[in-house]
Amino acid sequence: MAAINFKEIEAKWQRRWDEDKLFDGKISAKDKFFFTVPYPYTSGPLHIGHGRTYTIGDIIARFKRLQGYNVLFPMAFHVTGTPILAIADSIAKGEEKVVARFRDYIAIYEDADKVDKLLNSFRSAENVANFFAARISEDFKRMGYSIDWRRKFNTTEPMYNKFIEWQFKKLYDKGVIKKGKYPIAYSIEDDSAVGEDDIEGGDTDKVSVIEHTAIKFKLADGSYLIAATLRPETIFGVTNLWINPAASYVKVKAGNETWVVSKEAAEKLGYQKEEIAVLEGAAGSSFVGKNVKELVEGREIPVLPASFVDEDVGTGVVYSVPAHAPYDYIALEDVKRLEGVEIEPIKIIDIGGYELPAKEICERMNIANQEDERLEEATQTIYKDEFYRGVLNDKCGKFANVKIADIKDEVKDWLKRENIADVFYETSRKAVTRGGDKVIVAVLQDQWFIDYTPEWWKELGHKLVEGMTFYPERYKTYMHDIIDWLAFRPCARKRGLGTQFPFEKGWIIESLSDSTIYMAMYTIAHLLRQLPVDALTERFFDFVFLDIGDAPKLSKELNVDADVLNRIQDEFTYWYPNDLRHTAPPHLSNHLVFFLMHHAAIFPENMWPRAITLNELMIREGKKMSKSKGNVIPLADVSELYGVDLYRLYCAINADFATVVNWREQDTESLRKRLNAVVELFEDSIDVEGLNEAELTHIDRWLLSRLYRRLRESVERFEAFRIREAGINMIFNAMNDIRYYEQRQDKDRRKRIVRSVIDEWLIVLSPIIPHICEEIWHKLHESFISVQTLPELNEAFIDDRVEREEEYLVSLIDDIKEILKVARIKPTKIYVYTAEDWKWELFRAIKDLPDKDKIREAMKLRKDKSTVDFVKQAMKSKRDYFELGEPEVIEREKEYLAKEFGCEIGINEDYDPKGKKRFAVPLKPAIFVEG
RNA sequence: GCGGGGGUAGCCGAGCUGGACAAAGGCGCAGGACUUAAGAUCCUGUUCCGUAGGGAUACGAGGGUUCGAAUCCCUCCCCCCGCACCA
């Protein structure tokens with residue numbers, strides 16, 4: 001028989017499935033199963049890592065079809081957001097790196113001579129999005145995914161915009177769309193917010209926004225020196241200010257006050273506060289020696305010079321707490337020595353193990369000057385110790401005797417209320433964008449948010465989660481935590497592709513906020529396309545999704561046929577809710593929680609999602625896949641490099657959902673051999689005749705029993721999303737059974753047995769390796785395996801007794817082998833002695849008793865010394881109790897045993913020169929080997 | 001820091017509602033069969049000891065609970081992931 005050409009059959013069956021529209025979801029009387037995976041973002045090609053989630057998804061969808069559900073598995077494309085726009089801009093600007101990358105991307109799909117032309121078209125974001133959307137859908141078809149493509153859409157289409165507007169109106173009506181201030185990492189040069197991806201090294205060394213407290217110190221002329229701090233509670237211990245004499249400072253108008261900060265800080269302030277105007281510059285040195293008044297107790301304190309003050313960190317002014325800050329302590333020591341100034345530290349925190357913390361840690365670490373890099377470490381140590389263990393002392397007024405950890409925020413709020421302090425934001429470390437521009441913190445003054453804090457909303461969210469199924473299960477608890485943690489989230493921005501924010505011009509709805517309930521779109525997308533966009537009003541969607549209003553009225557209003565309206569509503573009502581969403585854990589704390597919360601807010605309970613399954617990511621040869629490492633394999637190359645079914649099998653079998661899949665070339669090779677062996681096994685059996693029941697021998701029955709048992713188990717595992725176990729069972733374990741069988745029987749007979757189970761076997765495997773199964777199925781049947789339902793398994797063949805007998809035989813053979821090995825004997829005859837009847841009787845009688853009672857009970861039944869020996873022996877044996885005619889089984893397999901050991905076998909003969917007989921225990925015969 | 005997940009034989013990786021676990025399966029390695037040979041395939045072995053199917057030691061380290069622990073509890077060490085406006 002000619003070997004199957006995998007590439008050929010992939011293409012063939014994909015075409016046939018398509019032509020016969022096997023996967024188009026149509027309303028029917030059957031139970032529906034609406035299954036979704038996240039739509040891909042179309043900024044580039046997908047790789048095998050992305051493919052895992054979609055592949056597992058397709059396996060689930062196909063399995064549900066086998067179970068008899070009317071499955072809808074749709075797909076769309078995510079286009080909204082900034083990345084695609086940024087790519088188009090970069091290409092338009094001719095940025096080399098980006099151009100080179102996209103040249104490679106295009107080359108994955110296109111001939112070399114078309115690359116330049118296409119690349120040129122990528123100056124338009126729309127073209128980038130469309131190109132990759134088209135290619136990704138081809139990739140998906142080539143992976144054999146059973147998707148209903150009629151319903152595809154992308155997130156910049158007018159009808160989608162209308163849908164998103166509707167969603168936001170619903171949320172707005174609930175009062176959760178709000179405007180407010182928001183600090184964010186920002187680049188002045190780029191005039192835009194910067195995310196982790198935009199920051200140099202941002203993926204490994206995260207940059208976060210830190211709120212500092214900016215404390216005001218009054219100068220003689222009425223203006224304020226502003227010192228930023230992370231430890232506002234230490235204000236009670238301030239002894240002086242530090243300023244960098246070499247740096248430039250400026251006076252700025254802040255509201256109706258005048259502040260003095262470093263030049264750099266003034267620029268930052270301009271992006272953080274509304275009324276900031278720079279007045280005039282001043283050298284740092286001009287402030288040295290002046291006094292300022294601290295506003296808590298009204299003490300006069302001096303401004304002193306310090307080289308450790310960085311004008312580009314905070315405000316460029318630092319207030320000094322030498323008792324508790326190592327930097328301040330060391331700087332103060334310097335000033336004392338050089339300028340002869342006398343200032344005593346003020347201790348305000350009591351903490352066990354320290355008298356003057358800053359002094360002692362510097363001495364302990366042997367730090368003597370301001371340039372010592374270990375000052376940072378000393379500061380961290382003190383900070384932690386004091387934060388968790390320190391208590392403010394009686395110098396701290398109403399905050400005395402409270403632990404720092406409990407009082408810090410209160411002090412901060414009090415200072416702000418008293419107008420002694422303001423807020424200043426700083427990045428957690430100095431950072432630049434990938435383009436090399438400085439990253440600062442800007443405060444967006446009128447950012448739009450979704451406010452997830454309302455109690456009613458969280459309650460609904462928890463209720464929804466509680467009613468859902470999660471796999472792996474632990475994510476359910478995790479999701480509850482995420483809902484609690486969720487607070488305010490910006491939902492609109494000024495840049496990017498997407499839907500216009502309906503409540504203020506110039507804003508675009510942010511792209512995760514527009515991907516929350518889009519599954520609803522799938523149910524009606526193909527029908528919506530036939531309507532004019534103008535008809536897609538709020539009242540239209542209210543009718544379709546929420547059943548508000550009535551068709552005839554709406555029909556007039558929208559000028560759309562009432563039947564059409566009803567038809568659309570029916571489609572939604574039939575398919576919704578989303579029965580299962582399959583995705584990956586990184587989505588939990590963003591997309592998935594929005595998905596759930598928005599459903600909870602907008603839809604009635606019977607339309608809430610039912611289940612979420614998640615699979616981990618994929619790595620390659622032990623390493624994360626990333627474009628920068630150059631170790632990605634495009635999904636588009638899978639067919640050519642490995643074959644689609646092999647890839648699918650690898651995804652299914654290599655790891656459970658909760659585990660990362662490691663794509664290892666070597667493993668793909670060995671899996672290929674396995675798969676080939678399985679295919680060959682099936683092909684071998686196509687032309688033979690199945691065995692009929694009358695012909696079956698013990699070992700035939702054994703194999704059938706094993707195979708049917710495995711089939712049954714596999715279906716159970718599938719139902720529980722344990723796809724890996726199902727796959728291993730039907731590929732590896734079943735093949736091991738076959739191998740064992742061949743040792744006992746012959747290959748030709750094996751073919752006939754396999755022929756008897758081949759239909760069921762193929763059906764169970766078909767979700768994982770659909771092309772191969774379809775191909776073989778068609779050699780036996782006219783129909784498509786892809787739309788079969790699970791057959792009633794022939795449970796009658798699952799036969800415990802037959803399997804137990806074989807198990808017994810195997811253990812007997814193992815024991816004999818063990819003896820031969822240890823005793824190094826070449827056998828001339830092997831004597832097997834099965835347990836006598838009295839032993840069986842006792843065995844039965846005491847099997848359910850606890851060990852400690854066994855001997856006593858047995859003695860009651862049979863008072864003999866040999867009883868004790870036997871029970872002890874039997875307790876050591878680890879076999880489960882089961883009834884078995886031992887002599888008959890051995891007698892039946894005598895020939896096989898003789899062949900196996902190349903000598904005669906004696907069963908229960910009287911000859912017993914070494915007295916072995918007495919060691920016989922039920923299910924564990926005694927053995928004597930003569931050599 | 002906060003929250004979550006882990007550490008199993010040379011490697012990958014199951015088991016982890018306590019008992020048949022010297023620990024599935026795969027890979028690797030060694031020996032054998034087949035072959036002119038290689039490859040593929042199949043068989044056997046792969047902690048140590050043992051001339052009778054047995055015993056000892058093992059599942060990050062240490063301690064505990066139990067007749068019994070890879071599995072439960074405590075302490076410690078180490079690794080990975082998320083922490084928001086980003087798809």
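Per chain, numbering begins at 1; letters A, B, ... match sequence-line order.
Residues that satisfy the side-chain hydrogen bond (donor to acceptor under 3.5 Å, both in side chains) test with A:Glu616, not counting sequence neighbours, are absent from this structure. Looking at residues two or more places apart in sequence or on another chain, you find a side-chain hydrogen bond (donor to acceptor under 3.5 Å, both in side chains) between A:Tyr452 and A:His598. Partners of A:Arg474 according to the salt bridge (charged side-chain N to carboxylate O under 4.0 Å, His left out) rule, which considers only residues two or more places apart in sequence or in another chain, do not exist here. The side-chain hydrogen bond (donor to acceptor under 3.5 Å, both in side chains) check on A:Thr668 picks up nothing, with sequence neighbours excluded. Remark: A:Tyr105 engages A:Phe102 in a ring-ring contact (aromatic ring centres under 6.0 Å, His included) (not counting sequence neighbours). The ring-ring contact (aromatic ring centres under 6.0 Å, His included) check on A:Tyr475 picks up nothing, with sequence neighbours excluded.
The separation of B:rU44 from B:rA52, taken at their P atoms, amounts to 24 Å, rounded to a whole angstrom. Separating the P atom of B:rA40 from that of B:rG28 is a span of 9 Å, rounded to the nearest Å. On the P atoms, B:rA23 is 25 Å away from B:rG31, given to the nearest whole Å. Comparing the P positions of B:rC16 and B:rC72 gives an interatomic distance of 10 Å, to the nearest angstrom. Nucleotides B:rA24 and B:rA30 are separated by 22 Å at their C1' atoms, to the nearest Å. B:rA70 and B:rG63: their P atoms are spaced 15 Å apart (whole Å). Rounded to whole Å, the P atom of B:rG60 lies 14 Å from the corresponding atom of B:rA14. B:rG26 and B:rU47 are spaced 16 Å apart, taking the P atom of each and rounding to whole Å.
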Legend entry - Dot-bracket encoding of pairs in RNA chain B, which uses [ ] for pseudoknotted crossings and | for another strand, Watson-Crick or G-U under 3.5 angstrom: ((((((((.[[[..)...(.....]]]((((((.......))))))(((....)))...[[[[[..)....]]]]])))))))....

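Rounding to whole angstrom units, CD1 of residue A:Ile483 and P of B:rA84 are separated by 19 Å. The NZ-P distance, from A:Lys899 to B:rC43, rounds to 15 Å in whole Å. Rounding to whole angstrom units, CZ of residue A:Arg824 and P of B:rC49 are separated by 11 Å. If you take CZ of A:Phe901 and C1' of B:rU44, they are 13 Å apart, rounded to a whole angstrom. Atom-to-atom, CG of A:Leu675 to P of B:rA40 comes out at 17 Å; the value is rounded to the nearest Å. Atom-to-atom, NZ of A:Lys817 to P of B:rU44 comes out at 6 Å; the value is rounded to the nearest Å. One atom, CD1 of A:Ile819, and another, C1' of B:rG53, lie 4 Å apart when rounded to the nearest Å. Note: CG (A:Leu486) to C1' (B:rA84) measures 9 Å, nearest angstrom.
Close placement of the A:Trp663 and A:Tyr647 rings is indicated, their centers lying within 6.0 Å of each other.
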Which atom pairs link the protein and nucleotides 4-15 of chain B when you take only N or O atoms and keep those under 3.5 Å?
{"unit_1": "B:rG13", "atom_1": "O2'", "unit_2": "A:Arg724", "atom_2": "NH2", "d": "3.2"}
{"unit_1": "B:rA14", "atom_1": "OP1", "unit_2": "A:Thr659", "atom_2": "OG1", "d": "3.2"}

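Nearest approach of A:Tyr896 to A:Ile813, heavy atoms of both residues: CE2-CD1, 3.7 Å.
Looking at heavy-atom distances under 4.0 Å, A:Pro925 makes contact with a base. A:His78 comes within 4.0 angstrom of the backbone, heavy atoms only, and of no base. Counting non-hydrogen atoms under 4.0 angstrom, A:Ile927 reaches a base of the nucleic acid. Within the nucleic acid shown, A:Pro490 comes within 4.0 Å of at least one base atom, counting heavy atoms only. Heavy atoms of A:Phe449 sit nowhere under 4.0 angstrom from any nucleic acid atom.
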Which atom pairs, one a donor and one an acceptor, fall under 3.5 Å between side chains of residues 476-490 of chain A and the rest of the protein, sequence neighbours left out?
{"unit_1": "A:Lys476", "atom_1": "NZ", "unit_2": "A:Glu466", "atom_2": "O", "d": "3.0"}
{"unit_1": "A:Lys476", "atom_1": "NZ", "unit_2": "A:Met468", "atom_2": "O", "d": "2.8"}
{"unit_1": "A:His480", "atom_1": "ND1", "unit_2": "A:His462", "atom_2": "ND1", "d": "2.8"}
{"unit_1": "A:His480", "atom_1": "NE2", "unit_2": "A:Glu466", "atom_2": "OE1", "d": "2.7"}
{"unit_1": "A:Asp484", "atom_1": "OD1", "unit_2": "A:His462", "atom_2": "NE2", "d": "2.7"}
{"unit_1": "A:Arg489", "atom_1": "NH2", "unit_2": "A:Glu510", "atom_2": "OE1", "d": "3.4"}
{"unit_1": "A:Arg489", "atom_1": "NH2", "unit_2": "A:Glu510", "atom_2": "OE2", "d": "3.1"}

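Mapping A:Trp485 and A:Val822 onto RNA chain B by nearest heavy atom places A:Val822 at the nucleotide closer to the 5' end. Take the nearest nucleotide of RNA chain B for A:Gln743 and for A:Phe594: the residue whose nucleotide is more 5' is A:Gln743.
Listed nucleotides: B:rC86, B:rA40, B:rG26. Nearest to the side chain of A:Arg674: B:rG26. In the set B:rC86, B:rG53, B:rU41, the nucleotide with an atom closest to the side chain of A:Phe919 is B:rG53. In the set B:rG50, B:rA52, B:rC27, B:rG50 carries the atom at the smallest distance from any side-chain atom of A:Glu818. Which of B:rA52, B:rA40, B:rC86 sits closest to the side chain of A:Ile825 comes down to B:rA52.
For the OP1/OP2 pair of B:rC86 and a distance below 4.0 Å, the side-chain nitrogens and oxygens of A:Arg493 include at least one atom meeting the criterion. Checking the phosphate oxygens (OP1, OP2) of B:rU51, no side-chain nitrogen or oxygen of A:Lys821 falls inside 4.0 Å.
Using a 4.5 Å heavy-atom threshold, the side chains of A:His50 and A:Leu635 count as separate.
The pair A:Glu621-A:Lys623 does not meet the salt-bridge criterion, since no charged nitrogen lies less than 4.0 angstrom from a carboxylate oxygen.
Using bins of under 30°, 30° to 60° and over 60° for the plane-to-plane angle, the ring pair A:Phe168/A:Phe501 lands in the perpendicular bin.
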